Amino acid sequence: MNFDSLGDWERTHDCCTLGSDYTGAEVILMGWVQRRRDHGGLIFIDLRDRAGITQVVFDPQRNAEAHQRAHALRPEHVIGVRGEVRFRPEGMTNPKLKTGEIEVIVDEYRLFNTSLTPPFQVEPEVDAGENLRLRYRFLDLRRPNIFQNLRTRHNAAQAVRQYLNENGFLEVETPVLTRSTPEGARDYLVPSRVNPGKFYALPQSPQLFKQLLMMAGFDRYYQIVKCYRDEDLRADRQPEFTQVDIEMAFVDEDQICRLTEGLLGHLFEKILDHKLQLPFPRLTYDEALARYGTDKPDTRFGMELVDVSPVFADSNFQIFAKLIKAGGMVKALNLKGQATLPRSDLDKMQGKENLVNHYDIQTGAQGVAWIKVQETNWQGPVAKNLTMGEKELLADTAGLEPGDLILFVAGESRVVNPTLDTLRSHFGRRLGLMDNKQFQFTWITRFPLLEYDHDTKRYLAVHHPFTAPVEEDIGLLTDHPEQARSRAYDLVLNGNEIGGGSIRIHHHNLQRQVFQALGIDEEEAQQKFGFMLEALQYGAPPHGGIALGFDRLVMLMCGATSIRDVIAFPKTQKAGCPMTQAPEKVSLEQLLELSLKLDLPG
RNA sequence: GGGGGCGUAGUUCAGUUUGGUUAGAACGCCGGCCUGUCACGCCGGAGGCCGCCGGUUCGAGUCCGGUCGUCCCCGCCA
């Protein structure tokens with residue numbers, strides 16, 4: 001096959017622009033062959049570029065040679081055409097195309113390149129397995145739907161920059177090769193050739209650097225930045241991901257929340273033409289857990305959890321009564337009007353195995369009890385064991401009406417809450433209460449500062465070790481560290497954690513006190529965070545910030561269900577890239593240079 | 001580390017429950033015909049290590065064990 005060179009051709013338009021007001025114009029278009037409809041006589045080509053599709057026509061009477069050659073065109077061949085824009089004949093317009101009123105009749109055509117038959121069809125409606133799509137990502141990215149997502153991502157990044165620039169923020173880059181920090185996620189490590197036996201770590205976030213920028217007096221910093229965490233993947237987790245990282249000096253929680261709300265308001269208006277309701281509602285961590293069973297509630301729908309322990313504490317329903325006496329609780333989920341739910345669905349909630357298999361509940365819950373509330377009687381095994389008074393109390397507490405189905409889970413809070421959270425999400429989705437055109441933000445505040453880790457038998461920072469405790473709780477650090485609340489906040493959107501931050505510690509003594517509570521002794525603190533402790537002694541201003549998960553945010557804005565759909569070249573669940581085959585072995589020479597020796601199991 | 005789903009033509013899938021002729025469909029691909037199609041149409045054709053290894057069996061796509069890949073989830077993710 002002979003290829004043509006570009007020659008002196010310059011594109012005049014993209015494949016989305018031309019319409020009836022261009023008729024008669026001579027244009028040059030370039031792009032990929034989407035489809036060929038070869039009538040033997042006329043040949044129609046759908047020409048595609050990133051902007052759209054334009055139909056071009058090869059007519060033997062217009063140019064016999066071009067028409068003859070066009071028989072050989074195949075999907076994904078790369079061509080340029082010079083021709084005239086003309087109206088389509090009466091009744092031949094295609095309302096599905098933006099350019100559907102016109103077509104380009106070809107006077108001259110150049111074949112720039114051919115394509116092998118693609119492993120999957122490069123069309124929006126044809127689905128292909130994700131592994132194949134990632135292996136041939138360059139083809140997958142030609143499809144308009146995934147390209148649109150990345151365009152939205154680009155626009156979103158620009159809108160973020162615009163807003164923050166206008167609000168006095170400086171974008172500052174921080175190192176990607178830095179030192180390993182002992183707290184938090186597993187680090188990605190990079191061996192140092194010039195310092196044998198020593199390693200850099202890729203940053204889990206620019207946390208320390210952005211605080212140091214505040215200490216440097218930069219006042220307002222931001223960065224759209226890659227972060228790296230060597231943990232297992234999920235639909236909304238990649239080993240490298242992007243944060244909108246923000247830090248401000250001389251601010252408290254309110255100011256950071258307001259700034260974030262302004263930023264997101266700007267972003268949603270600019271990108272989706274969607275006006276957000278500001279300010280966002282706030283829930284304390286304790287409230288969120290009580291009402292939704294999770295610290296990242298989906299507030300697009302109600303269906304809140306109700307603590308019904310008082311109903312059962314002294315009831316004849318022995319299973320529940322005993323669990324409560326043992327320090328447990330009974331919480332309920334009132335599914336309004338769902339008394340018609342088939343018995344089989346309820347049977348699938350009985351027993352650990354059923355819950356795992358049918359509801360993806362892996363909390364260790366033994367089962368879910370239920371009552372179907374009818375006009376005259378209440379159905380279900382629980383109802384029989386309740387007195388009239390208990391029934392009244394229950395109806396009152398849970399707002400029961402005829403036609404309702406109420407689900408109960410009893411036990412320790414760490415089982416009850418996540419179980420009901422999963423059930424609430426399950427039915428929220430199933431009953432169509434999760435409208436992904438709706439964007440419900442919620443702040444979650446007042447997280448615990450520390451939590452006890454049973455494995456390492458010490459306290460760990462819930463957020464990170466530089467988070468300030470609530471002032472009146474500082475006294476608790478020595479004797480009841482688990483009771484101290486933090487000045488941390490998360491931002492939740494439709495049940496997804498899309499951001500989090502805190503007011504930081506800016507006093508040397510308090511930082512040492514928190515390290516102490518974390519079981520980090522003076523020597524270790526000096527060795528690992530010495531530079532930070534030092535900086536705190538040279539006039540550190542009050543400061544705080546937030547980091548937004550940019551991938552998740554864009555995912556939700558695009559209506560996607562995985563952040564892989566908004567990342568150009570994402571990784572699979574085993575953190576591999578099917579296209580480049582990364583990660584891959586390296587040569588012995590490379591290892592030697594780094595003073596490394598492999599010691600593989602098996 | 002653990003639980004669950006999937007793996008069959010280039011692709012998306014059916015077939016596996018209950019083992020038994022030559023493993024099917026659609027789209028795609030190849031050849032031919034076709035001057036108004038746009039999911040073009042019509043005729044013809046090619047295309048299979050049923051993920052891999054082992055076992056049970058007279059016989060395995062189908063049953064059993066293992067393994068690899070992929071997806072969802074738990075743990076983990078300051």
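Just so you know, these numbers come straight off a predicted model, no measurement behind them. Below, read A as the first sequence line, B as the second, and so on, with proteins coming before strands; counting in each chain starts at 1.
- Between B/G36 and B/G15, the two P atoms lie 42 Å apart (nearest whole Å).
- Comment: A/Arg50 does not engage A/Asp14 in a salt bridge, judged by the lack of any side-chain N to carboxylate O separation of less than 4.0 angstrom.
- Within the nucleic acid shown, A/Pro75 comes within 4.0 Å of sugar-phosphate atoms alone, with no base atom in reach, counting heavy atoms only.
- As rounded to whole Å, 19 Å separates atom P of B/C38 from atom CG of A/Leu47.
- A donor N or O paired with an acceptor N or O is found under 3.5 Å between the base of B/G36 and the side-chain atoms of A/Arg86.
- Where A/Arg229 and A/Gly41 meet RNA chain B, the nucleotide closest to each residue was compared, and A/Gly41 sits on the side nearer the 5' end.
- At a cut-off of 3.5 angstrom, the base of B/G3 holds no donor-acceptor pair with the side chain of A/Asn357.
- Remark: ring of A/His39 stacked against base of B/C40; centroid gap under 5.5 Å, plane tilt under 30°.
- Separating the CD atom of A/Glu353 from the C1' atom of B/G4 is a distance of 11 Å, rounded to the nearest angstrom.
- Only the C1' atoms considered, B/G2 is 31 Å distant from B/A60, to the nearest whole Å.
- Counting non-hydrogen atoms under 4.0 angstrom, A/Arg74 reaches the backbone sugars and phosphates but no base.
- Put simply, the side chain of A/Glu103 and the base of B/G36 share a donor and an acceptor less than 3.5 Å apart.
- A/Val462 comes within contact range of the sugar-phosphate backbone alone, with a heavy-atom separation under 4.0 Å but no base atom that close.
- Two residues are said to be in side-chain contact when any heavy atoms from C-beta on lie closer than 4.5 Å; A/Leu493 and A/Leu491 fail this criterion.
- Separation of the C1' atoms belonging to B/G54 and B/C71 is 27 Å when rounded to the nearest angstrom.
- With hydrogens and angles ignored, a donor-acceptor pair closer than 3.5 Å exists between the side chain of A/Arg237 and the base of B/C77.
- Comparing the same atom, C1', in B/C43 and in B/U56 gives a spacing of 48 Å after rounding to whole Å.
- For A/Gln362 against B/G4, no side-chain N or O and base N or O form a donor-acceptor pair under 3.5 Å.
- With hydrogens and angles ignored, a donor-acceptor pair under 3.5 angstrom links the side chain of A/Arg88 to the base of B/C38.
- Considering only side-chain N and O atoms, A/Arg35 lies under 4.0 angstrom from the phosphate OP1 or OP2 of B/C40.
- Nucleotide B/U70: paired with B/G5 (Watson-Crick or G-U wobble, both distances less than 3.5 Å).
- Out of B/C72, B/C29, B/C77, the shortest distance to the side chain of A/Asp360 is found at B/C72.
- Between A/Arg237 and A/Glu231 no salt bridge is recorded (no basic side-chain N to carboxylate O distance below 4.0 Å).
- The pair A/Glu412-A/Arg414 meets the salt-bridge criterion, since a charged nitrogen lies less than 4.0 angstrom from a carboxylate oxygen.
- A straight line from CG of A/Asp38 to C1' of B/C30 spans 14 Å, rounded to a whole angstrom.
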Going 5' to 3' along nucleotides 8-17 of chain B, which nucleotides have protein heavy atoms under 4.0 Å from the base (write B), which only from the sugar-phosphate (write S), and which from neither (write -)? --SSS-----
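- The phosphate of B/C40 has OP1 or OP2 within less than 4.0 Å of a side-chain N or O from A/Arg37.
- In terms of position on RNA chain B, the residue among A/Ala185 and A/Val356 whose nearest nucleotide sits closer to the 5' end is A/Val356.
- Nucleotide B/G59 forms no Watson-Crick or G-U wobble pair with any nucleotide shown, as no partner meets the under 3.5 Å limit on both distances.
- Put simply, CZ on A/Phe44 is 13 Å from P on B/A39, counting in whole angstrom units.
- Using a 4.0 Å heavy-atom criterion, one finds that A/Thr363 contacts no nucleic acid atom at all.
- Taking atom P on both nucleotides, B/U62 is separated from B/U18 by 15 Å, rounded to a whole Å.
- Atom-to-atom, CZ of A/Arg62 to C1' of B/U35 comes out at 15 Å; the value is rounded to the nearest Å.
- Rounded to whole Å, the separation between the P atoms of B/G69 and B/G47 comes to 32 Å.
- A salt bridge is absent between A/Asp298 and A/Arg429; no separation between the charged side-chain nitrogens and carboxylate oxygens falls under 4.0 Å.
- For the OP1/OP2 pair of B/C29 and a distance below 4.0 Å, the side-chain nitrogens and oxygens of A/Thr117 include no atom meeting the criterion.
- Going from atom CZ of A/Arg234 over to atom C1' of B/C74 covers 7 Å, rounded to whole Å.
- Minimum atom distance to the side chain of A/Ala235 is reached by B/C73, of the listed B/G1, B/C73, B/G36.
- Separating the CZ atom in A/Arg35 from the CD atom in A/Gln55 is a distance of 12.5 Å, to the nearest 0.5 Å.
- In this entry the distance linking CG of A/Asp236 with P of B/C74 reads 9 Å, nearest Å.
- Residue A/Lys96 places none of its side-chain N or O atoms closer than 4.0 Å to OP1 or OP2 of B/C38.
- If you check every strand for non-hydrogen atoms under 4.0 Å, A/Gln61 touches a base.
- The shortest distance between the side-chain N/O atoms of A/Arg133 and the OP1/OP2 oxygens of B/U70 is not below 4.0 Å.
- The structure places OH of A/Tyr489 at 7.0 Å from OG1 of A/Thr260, a figure rounded to the nearest 0.5 Å.
- The NZ-P distance, from A/Lys571 to B/G69, rounds to 17 Å in whole Å.
- The side-chain contact (heavy atoms from CB on, under 4.5 Å) search around A/Leu42 returns A/Phe44, A/Val57, A/Asp59, not counting sequence neighbours.
- B/C72 and B/U16 have their C1' atoms separated by 23 Å, with the value rounded to a whole Å.
- In this structure, the side chains of A/Thr467 and A/His464 come closer than 4.5 Å at one or more pairs of heavy atoms.
- Closest to the side chain of A/Gln573, from the set B/C72, B/G75, B/U37, is B/C72.
- Straight-line distance between the P atoms of B/C13 and B/C53: roughly 24 Å, to the nearest whole Å.
- Using a 4.0 Å heavy-atom criterion, one finds that A/Arg564 contacts the sugar-phosphate atoms exclusively.
- Counting atom types as modelled, A/Asn94 pairs a side-chain N or O with a base atom of B/C38 as donor and acceptor under 3.5 Å.
- Partner of A/His543 under the side-chain hydrogen bond (donor to acceptor under 3.5 Å, both in side chains) criterion, chosen from A/Gln211, A/Lys210, A/Arg504: A/Gln211.
- A heavy-atom distance below 4.5 Å is found between the side chains of A/Pro570 and A/Leu134.
- Within the 4.0 angstrom heavy-atom criterion, only backbone atoms of the sugar-phosphate kind lie near A/Asn131; the bases stay farther away.
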